[in-house]
Amino acid sequence: MAIRKFGPVVALLACAAPAFAEAAPKEKEVWITIGSDALEPARASFKEKGLVALPAPALEKGGVAALRVPESQLEKLAEAMHDKLNRCAGFMAHDSEAQARAAVEGTSAPQALASLVSYTLNNSASVNVMLGGVQELNIRNTINSLSTSWTSRRYNQQGGADAATWLKNQWTTIANGRSDVQVAFFTHTSTVSPQPSVIATITGTTHPNEVVVIGGHLDSINTGGSTLSAPGADDDASGVASLTEAFRVAMANGYKPARTVKFMAYAAEEVGLKGSADIAAWHVTNGVNVVGVLQLDMTNFKGSSYDFAMVTDNTNAAQNSFVTSLISTYQSGLTYTNISCGYGCSDHASWHARGFATSMPFEATMSTSNPYIHSANDTLTNSTNSNASNSVKFSKLAVSFLGELAKGATTGNTPPPVDSGGGGGTINTATYDATLKAPRCTAAGAGCDSGSLLNGRGGLGPEVNKPNTINASCTDGASGTYHSDESNDRLKVATTDGTNLAAGKQVTVTATVWAYSASSDTLDLYYTANASSPSWTLIGSYKPSGSGVQTITANYTLPAGANQAIRANFRYQGSAGTCTTGSYDDRDDLIFSVQ
């Protein structure tokens, strides 16, 4: 994957000339789905190069088209996508017309198969133990082994199969004979062989039928030709190395998840996401409840000033908010931005198409990604600082993802409660209400969480839909710097007993702020029984315990009212108020439904 990645490519071996004059065998044709926005630029590129024109789509809907093309055109199509759109491949290969049509029909609204989970952060003891064990050298060694041991890890060459065998052996060693851990190949159809995918599974202790997936792709490619060197150090040995280190620290610290965790190294991503497509389809067919998927495709090239770029298309918005909250909580000071990478740009798209919640944090913005991928120059030397320092951030993100989504505990720690979705006990993640102009949870549940919607302040940092106060009634102060000066980053309200929000219930407000000074900053918390016409009541004023990321909690009793809200007024000096005027002050609201 990546903006400069030439995408799914299949090299067609030339047929030997027959001894007698015969009609040349008809070239194999394959079905693909492609982003509609890419069709005309691709056609223009084909025309410029004197190639046979792409056919008209057999079906087009929801920004995606299905068409049948000669197999030899796939590489030219990938090149056209790069030349004309400077972006990822943008297409997916399919085994049949029926599969391609089904992919188009399901694009607009993929069927959600899994119950939504409660995105809570309550497992810091175990997460922090594992974070402390992540080592750059281990990640670097895995990248080196994958990128130098074979000329190429191309899916249809022996090097691709040998790399899979090597990785399976590495993961088996890491598992160290634990009875609750299995490492196995996932063997694909003939269109993918001989390279298998590799899957390491840690069976959950209390919720084994709920599955968390962390993956990256194992294959590599040189778009200049199938015989050329394709080390693929960044694309995607770095992602596989990052998740391998997450697996290692989990095992080293005796981590036993409540939910089942699967680490996956996918085969044949570069030829249309074939490996992950097979695996996602298998989980659907077998009724497996995959509650979340994290994709790591390229982690070791820091092309921009941001530490992470969150892919927003073909991913799940609620889970993306959860992932960014993991960044803010466990890697304080690191930054992120949002990007769009196009249809079918990496393996997360295979899961998304099947209705599973998926997220993909990327190493750079789309215009600043690694220029060396898909060539002989994709080496560790051409990654950031010639080591694996940038991948460390992604390995730590993977650790926090598995620790907070799969829950469970490391040796000596107590497992936190696991909240499953679907009715009572659910803490809902808010979405932006364009009418009231603030984050809102419309469904009843045990709580409401803003996720990452409030992160930052006004024009500082990544806060979206600023100012996030009801009816835009109170703007934010414009002075200072993101995560150096004051900001509200997150709000959550939840019942203390885990039942649904209802009048008379005791609730806890949890506010995550970025504090400049423990002595000068104050958080004023308010509530209102009517979000549509608020009359604010002060819960209390609270001092942070230090600078940087701080969590402040307060309790109050819910009044009667179906549509309530809380407000956080975080101020530098001054007196309590619902809309103070300091140039460093930040106000944010959270609206929620009450039974």
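As a basis for the values below, the full set of heavy atoms in this structure was taken, side chains included, without hydrogen atoms, waters or symmetry mates. We number each residue from 1, following the sequence as shown.
Residue Ile143 comes nearest to Ala237 through the heavy atom pair CG1-O, 3.9 Å, listed as atom of the first residue, atom of the second, then distance. Between Asn314 and Gly344, the closest heavy-atom pair is ND2-N, 4.4 Å. The heavy-atom pair separating Ala56 from Leu67 by the smallest distance is O-CB, 4.3 Å. Contact record, Ala230 with Ser220: O-OG, 2.7 Å, taken as the closest heavy-atom pair. Nearest heavy atom pair, residue Ile139 against residue Ser242, reads CG2-N, 4.3 Å. Nearest approach of Met92 to Ser350, heavy atoms of both residues: CE-OG, 4.1 Å.
A donor-acceptor pair is defined here as one N or O able to donate and one able to accept, closer than 3.5 Å; such a pair exists between the side chain of Asn123 and the backbone of Gly403. No donor-acceptor pair closer than 3.5 Å links the side chain of Gln135 to the backbone N or O of Gly132. At distances below 3.5 Å, not a single donor-acceptor pair connects side-chain atoms of Ser197 with backbone N or O atoms of Phe186. Although no hydrogens or angles enter the test, the distance criterion places no donor-acceptor pair under 3.5 Å between the side chain of Thr312 and the main chain of Asn338. Judged by distance alone, the side chain of Ser386 and the main-chain N or O of Thr381 form a donor-acceptor pair under 3.5 Å. Side-chain atoms of Gln195 come within 3.5 Å of backbone atoms of Gly160 as a donor-acceptor pair (strictly under, hydrogens ignored). In this structure, Lys302 contributes its side chain and Ser304 its backbone to a donor-acceptor pair below 3.5 Å. A distance-only check finds a donor-acceptor pair linking the side chain of Lys407 to the backbone of Glu404 [under 3.5 Å]. With hydrogens and angles disregarded, a donor-acceptor distance shorter than 3.5 Å links the side chain of Arg248 to the backbone of Gly133. The backbone N or O of Ser145 lies less than 3.5 Å from a partner atom in the side chain of Ser149, making a donor-acceptor pair.
Contact check for Leu146 versus Val240: side-chain heavy atoms found under the 4.5 Å cut-off. Looking at Thr201 and Val261, their side chains never come closer than 4.5 Å, going by heavy atoms from C-beta outward. With a 4.5 Å cut-off on side-chain heavy atoms, Glu270 and Arg153 do not count as touching. A 4.5 Å side-chain heavy-atom check between Thr260 and Val212 finds every atom pair outside the cut-off. Contact of the Phe356 side chain with the Val284 side chain is registered, since non-hydrogen atoms from C-beta on lie closer than 4.5 Å. Using a 4.5 Å cut-off on side-chain heavy atoms (C-beta onward), Ser359 and Val293 make no contact. Proximity of Leu54 to Phe46: side-chain heavy atoms (C-beta onward) are separated by under 4.5 Å at one or more points. Side-chain atoms of Glu29 and Val69, non-hydrogen and from C-beta on, never get closer than 4.5 Å to each other.
To the nearest 0.5 Å, the span separating CG on Asn300 from CG on Leu380 amounts to 6.5 Å. The CG atom of Leu243 lies 8.0 Å from the OG atom of Ser395; values are rounded to the nearest 0.5 Å. If you take CG on Asn128 and NZ on Lys396, they are separated by 10.0 Å, rounding to the nearest 0.5 Å. Rounding to the nearest 0.5 Å gives a distance of 12.0 Å between NZ of Lys47 and CZ of Arg43. To the nearest 0.5 Å, atom CG of residue Asp278 and atom OH of residue Tyr266 are 12.0 Å apart. Of the inter-residue distances, the one linking Cys345 atom SG with Met360 atom CE reads 5.0 Å to the nearest 0.5 angstrom.
Donor-acceptor pairing under 3.5 Å is lacking for the side chains of Lys274 and His94. A donor-acceptor pair shorter than 3.5 Å cannot be found between the side chains of Ser276 and His217. Side-chain contact annotation: Tyr343 with Thr33, donor-acceptor N/O pair under 3.5 Å present. With no hydrogens or angles considered, a side-chain donor-acceptor pair links Asp235 and His374 at under 3.5 Å. In summary, the side chains of Gln319 and Thr358 do not present any donor paired with an acceptor at a separation below 3.5 Å, with no hydrogens or angles considered. No donor-acceptor contact under 3.5 angstrom links the side chains of Ser375 and Asn222, judged on distance only. There is a side-chain donor-acceptor pair under 3.5 Å between Asp234 and Ser238. Checked by atom type, the side-chain pair Thr368/Thr365 shows a donor-acceptor distance below 3.5 Å.
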Legend entry - Chi angles and distances behind the side-chain contact (heavy atoms from CB on, under 4.5 Å) call for Leu402, Met130: CA-CA 11 Å; Leu402 71 92; Met130 291 188 285; 4.1 Å; yes

Inset, instruction - Go through the steps to decide whether His348 and Cys341 satisfy the test side-chain contact (heavy atoms from CB on, under 4.5 Å), and finish with yes or no. - result: CA-CA 11 Å; His348 65 282; Cys341 75; 4.2 Å; yes

Inset, instruction - Please report the C-alpha distance between Glu363 and Thr299 in whole Å, then the side-chain angles of each, then the deciding distance to 0.1 Å, and finally whether the side-chain hydrogen bond (donor to acceptor under 3.5 Å, both in side chains) criterion is met. - result: CA-CA 5 Å; Glu363 64 185 6; Thr299 66; 5.6 Å; no

Inset, instruction - Go through the steps for Ile339 and Val311 under the test side-chain contact (heavy atoms from CB on, under 4.5 Å), then give the verdict. - result: CA-CA 5 Å; Ile339 62 171; Val311 174; 4.0 Å; yes

Inset, instruction - Kindly determine whether Glu60 and Ser36 satisfy side-chain hydrogen bond (donor to acceptor under 3.5 Å, both in side chains), including the steps that lead there. - result: CA-CA 8 Å; Glu60 189 169 1; Ser36 297; 2.8 Å; yes

Inset, instruction - I would like to know whether Met310 and Thr315 meet side-chain contact (heavy atoms from CB on, under 4.5 Å); could you show each step before the answer? - result: CA-CA 9 Å; Met310 292 298 301; Thr315 57; over 6 Å; no

Inset, instruction - Test side-chain hydrogen bond (donor to acceptor under 3.5 Å, both in side chains) on Ser346 and Asp297 and set out the steps. - result: CA-CA 7 Å; Ser346 190; Asp297 191 343; 2.6 Å; yes

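Here Phe308 and Tyr336 keep their ring centres 6.0 angstrom or further from each other.
Partners of Asp307 under the salt bridge (charged side-chain N to carboxylate O under 4.0 Å, His left out) rule, at least two apart in sequence or in another chain, are Lys393. Listed by chain and number, the residues in a side-chain contact (heavy atoms from CB on, under 4.5 Å) with Ala409 are Ser126, Asn413, Pro415 (sequence neighbours excluded).
Relative ring orientation between Trp150 and Trp166 is described as perpendicular, the plane-to-plane angle rising above 60° on a 0-90° scale split at 30° and 60°. Using a 30° and 60° split on the angle between ring planes, Trp171 and Phe247 fall in the perpendicular class, above 60°.
When the shell of 6.0 Å around OH of Tyr330 is examined, it contains more than 12 heavy atoms from other residues, nucleotides or ligands.
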